[in-house]
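Worksheet for the structure shown next.
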Amino acid sequence: MPFRYFNNDMTNNKLEKLRHSTAHVMAQAVKRLYPETLVTIGPAIENGFYYDFDREEPFKPEDLQKIEKLMHEIVKENFPVVRSELNKEEALKFFEGKGEKYKKELITEIEDEEVSIYTQGEFADLCRGPHVGSTGDIKSFKLLSVAGSYWRGDENNKMLQRIYGIAFYSRKDLGEYLDRLEEAKKRDHRKLGKELDLFHVDEEIGSGLILWHPKGALVRTIIEDFWRKEHYKNGYQILYSPHIARAHLWETSEHLNFYKENMYSPMDIDGTDYIVKPMNCPFHIKIYNSRLRSYRELPFRWAELGTVYRYEKTGVLHGLLRVRGFTQDDAHIFCRSDQLPEEISKALDFTIFILRSFGFEEYQIYLSTKPDKFVGSEESWEKATTALKGALDKSGMAYEIDAGEGVFYGPKIDVKIKDSLGRAWQCSTIQVDFNLPERFKISYIGEDGQPHQPIMIHRALMGSLERFFGCLIEHFAGAFPTWLAPVQVRILTITDNHIKYAEEISEFLKKDGIRVELDSRNEKVGFKIREAQTSKIPYMLIIGDKEIKDKEVAVRKRKEKKTETMDSEDFLSKLNKEIISKK
RNA sequence: GCUGGCGUAGCUCAACUGGUAGAGCAGCUGAUUUGUAAUCAGCAGGUCAUGGGUUCAAAUCCCUUCGCCAGCUCCA
């Protein structure tokens with residue numbers, strides 16, 4: 001059965017309404033249990049709802065049970081949910097009387113003259129609505145977790161207590177949701193990474209620093225080889241650059257100004273400060289600047305699997321998906337302004353090609369436009385944004401515009417992939433940069449014999465190999481397609497008498513580059529099959545007397561769990577066909 | 001970094017209100033030579049994350065540090 005990712009339930013307005021109302025019931029329960037608590041905001045979200053409370057004592061997991069119990073009573077009490085409209089002054093007075101200072105703050109900021117209040121029993125909340133007709137309409141819900149959250153999402157503000165929950169119209173839907181949550185946990189890349197012996201993070205080495213075990217490293221090698229081949233095919237050249245550079249370089253690039261919090265402290269080498277690189281771009285620019293460039297040479301498409309190190313706060317580290325040391329599949333394209341639209345379009349097509357090759361069909365695409373603070377001219381922003389938008393439109397992909405969310409140096413396209421729990425992680429990115437060409441004074445000699453400034457595009461297709469691998473593990477639940485599987489075939493013997501023939505088959509496949517393991521242990525086949533199955537190996541070949549007699553192999557597919565007997569040549573050609581198709 | 005939860009054998013987990021650590025799997029040894037998801041037996045394996053404190057006595061209570069999980073913030 002195909003795994004369903006958590007989808008955006010917000011499209012379902014009915015559910016959204018229900019969840020929003022459930023949040024109100026939760027707030028009502030909290031106010032009854034802990035009257036000193038102040039209410040703030042409590043919306044429906046993609047996967048449920050939450051409500052933020054201001055209360056000195058944090059909610060304990062046991063408190064959730066109490067709150068949930070009381071919520072059920074409020075549902076039973078079946079209060080009608082009544083909307084009333086007040087002018088702002090009345091509303092202010094109303095909440096001020098209750099000492100609800102957060103609501104007061106919210107009301108002052110509402111632009112309309114009238115605000116709406118929803119009342120159910122003794123509880124009233126400032127709210128735009130809509131809501132269910134009565135608390136009795138709320139049937140199936142569950143409180144899931146508590147967490148801290150800053151008032152208005154600003155870390156300088158007070159930290160509030162947030163309670164998350166989920167609600168559905170039926171018990172069945174709720175049960176299914178909770179089951180799905182359990183299923184999703186099973187495909188967590190951190191769990192699978194351990195079970196399949198792919199990678200680990202070692203406390204003594206440091207948080208956010210990945211150790212790739214042989215099987216994980218093998219998958220990475222396959223990804224990298226594919227990446228290199230496709231880059232050469234697509235007109236890229238590949239570079240290598242060092243891991244550290246003099247602090248002076250990072251002054252020129254201005255990273256020491258605007259990226260300092262993410263950079264590690266300098267190390268002293270013979271009296272000069274050096275810093276570990278958080279980015280590859282300055283190195284590529286230095287290669288560009290190593291000699292005079294002509295307009296005829298452009299565009300340059302320079303790619304590197306460049307390993308960078310960035311300081312990340314401890315609380316944000318997450319398996320392979322958010323780390324401190326990672327390898328970007330980075331590239332910088334230096335082109336003339338007339339080449340910009342085509343280069344962006346090519347980069348976008350290349351991105352989609354790569355993602356599809358790995359089986360990713362669903363992603364979120366964002367176009368981020370000019371922020372308040374920016375460098376470069378209005379018209380170059382305009383031009384670059386048009387080029388990005390043009391490429392997106394041409395590709396026919398659905399995307400969202402993140403107005404004003406671009407970086408100060410240029411507009412960008414980001415592609416995010418969701419993990420098994422529906423959290424989105426940015427992988428691919430295509431960014432136009434008006435800053436670095438200026439900072440490093442890069443130029444080419446134009447047709448007119450005069451120097452011109454080229455446009456620089458940063459792009460990463462997978463983003464980082466670590467994050468991409470993490471997404472890949474979750475996407476396939478560890479069951480990699482044959483072309484990526486670290487072990488493609490495991491040969492299982494039934495008794496020791498079959499080892500010799502099994503070895504012959506193994507050699508035969510290995511000669512053709514197939515990744516084979518031979519399990520000739522003195523164990524029952526059932527046991528060996530079970531192990532191969534839990535190791536998520538795509539093919540098992542079972543060798544016994546029958547196979548030796550008929551000079552065949554019994555093929556058991558990971559997915560199908562039934563065996564088919566065939567000639568080893570046939571098996572190899574089928575296997576190779578599958579590998580080439582990347583299915 | 002912040003809020004809350006957590007850290008026991010390689011892995012998954014147990015040990016009532018404090019009485020001095022136990023199981024399954026994995027590993028090793030032996031027996032078994034097996035036909036489609038776990039053959040049997042034995043052995044070995046732990047500074048209970050770390051450092052300190054309280055106590056006659058601490059895995060258990062308190063504090064420190066490190067790490068992990070969820071969320072917040074951040075994410076060129």
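Here is the naming used below: chain letters follow the sequence lines, and residue numbers restart at 1 for every chain. Quantities reported herein were computed from a predicted structural model and do not represent experimental measurements.
Taking the P atom of each, C56(B) and U50(B) are spaced 25 Å apart, rounded to whole Å. Straight-line distance between the C1' atoms of C16(B) and A9(B): roughly 24 Å, to the nearest whole Å.
Checked by distance alone, R322(A) brings a side-chain donor or acceptor within 3.5 Å of a matching partner on the base of C74(B). Counting atom types as modelled, E547(A) pairs a side-chain N or O with a base atom of G35(B) as donor and acceptor under 3.5 Å.
Between P61(A) and S145(A), it is P61(A) whose nearest contact on RNA chain B lies nearer the 5' terminus. For E312(A) and D188(A), each mapped to the nucleotide of RNA chain B holding its nearest heavy atom, the one lying further toward the 5' end belongs to D188(A).
Between C66(B) and S207(A), no contact under 4.0 Å exists linking OP1 or OP2 to a side-chain N or O. The phosphate of G4(B) has neither OP1 nor OP2 within less than 4.0 Å of any side-chain N or O from R162(A). Phosphate contact (OP1/OP2 of G10(B), side-chain N/O of H200(A), threshold under 4.0 Å): absent. Contact check, K313(A) against C72(B): no side-chain N or O comes under 4.0 Å of OP1 or OP2. Listed pair R467(A) / C75(B) fails the phosphate criterion, with no side-chain N or O lying under 4.0 Å from OP1 or OP2.
Contact annotation for Y50(A): no contact, since no heavy-atom pair falls under 4.0 Å across all strands. Using a 4.0 Å heavy-atom cutoff across all strands shown, R521(A) reaches no nucleic acid atom at all. Note on D433(A): nothing from the nucleic acid sits closer than 4.0 angstrom, heavy atoms only. Heavy atoms of V316(A) sit under 4.0 angstrom from at least one base atom. Residue K546(A) is classed as a base contact, given a heavy-atom separation below 4.0 Å to a base.
More than 12 non-hydrogen atoms from other residues, nucleotides or ligands lie less than 6.0 angstrom from NZ of K416(A).
Side chains of L541(A) and L509(A) form a contact here, defined as non-hydrogen atoms less than 4.5 Å apart.
Cation-pi contact between R162(A) and Y50(A): present, with separation from the ring centre below 6.0 Å and deviation from the ring axis of at most 45°.
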A correct dot-bracket answer for RNA chain B, with pairs being Watson-Crick or G-U at under 3.5 Å, [ ] for crossing pairs and | for inter-strand pairs, is (((((((..((((.....[..)))).(((((.......))))).....(.(((..]....))).))))))))....

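The nucleotide whose nearest atom lies closest to any side-chain atom of T534(A) is, among A37(B), G71(B), G67(B), A37(B). With G35(B), C74(B), C69(B) as the choices, the nucleotide that has an atom nearest any side-chain atom of I542(A) turns out to be G35(B).
Side-chain contact of S241(A) with K277(A): a donor-acceptor pair under 3.5 Å is present, judged by distance alone. Donor-acceptor pairing under 3.5 Å is recorded for the side chains of Y409(A) and Q431(A).
Here Q65(A) pairs with nothing under the side chain to side chain donor-acceptor pair (under 3.5 Å) rule; sequence neighbours left out.
One N or O on the side chain of T495(A) and one on the backbone of N497(A) form a donor-acceptor pair closer than 3.5 Å. Using modelled atom types, one side-chain atom of K31(A) and one backbone atom of T37(A) make a donor-acceptor pair closer than 3.5 Å.
Contacts between residues 146-160 of chain A and RNA chain B, counted as heavy-atom distances below 4.0 Å, involve A147(A), G148(A), S149(A), Y150(A), G153(A), E155(A), M159(A). Of the residues in residues 526-533 of chain A, those placing a heavy atom less than 4.0 Å from an atom of RNA chain B are G526(A), F527(A), I529(A), R530(A), Q533(A), in numerical order.
Every pair passing salt bridge (Lys or Arg N to Asp or Glu O under 4.0 Å) that includes a residue from residues 531-556 of chain A is listed here, sequence neighbours excluded: R521(A)-E531(A). Applying the salt bridge (Lys or Arg N to Asp or Glu O under 4.0 Å) test to every pair with at least one member in residues 318-329 of chain A, sequence neighbours left out, gives these pairs: E312(A)-R322(A).
Using the six-membered ring where Trp is involved, F300(A) and W302(A) have ring planes that are tilted, between 30° and 60° apart.
Look at R301(A) and E343(A) and you find a salt bridge, because one of the NZ, NE, NH1 or NH2 atoms lies within 4.0 Å of a carboxylate O, short of that distance. A salt bridge is absent between E466(A) and R310(A); no separation between the charged side-chain nitrogens and carboxylate oxygens falls under 4.0 Å.
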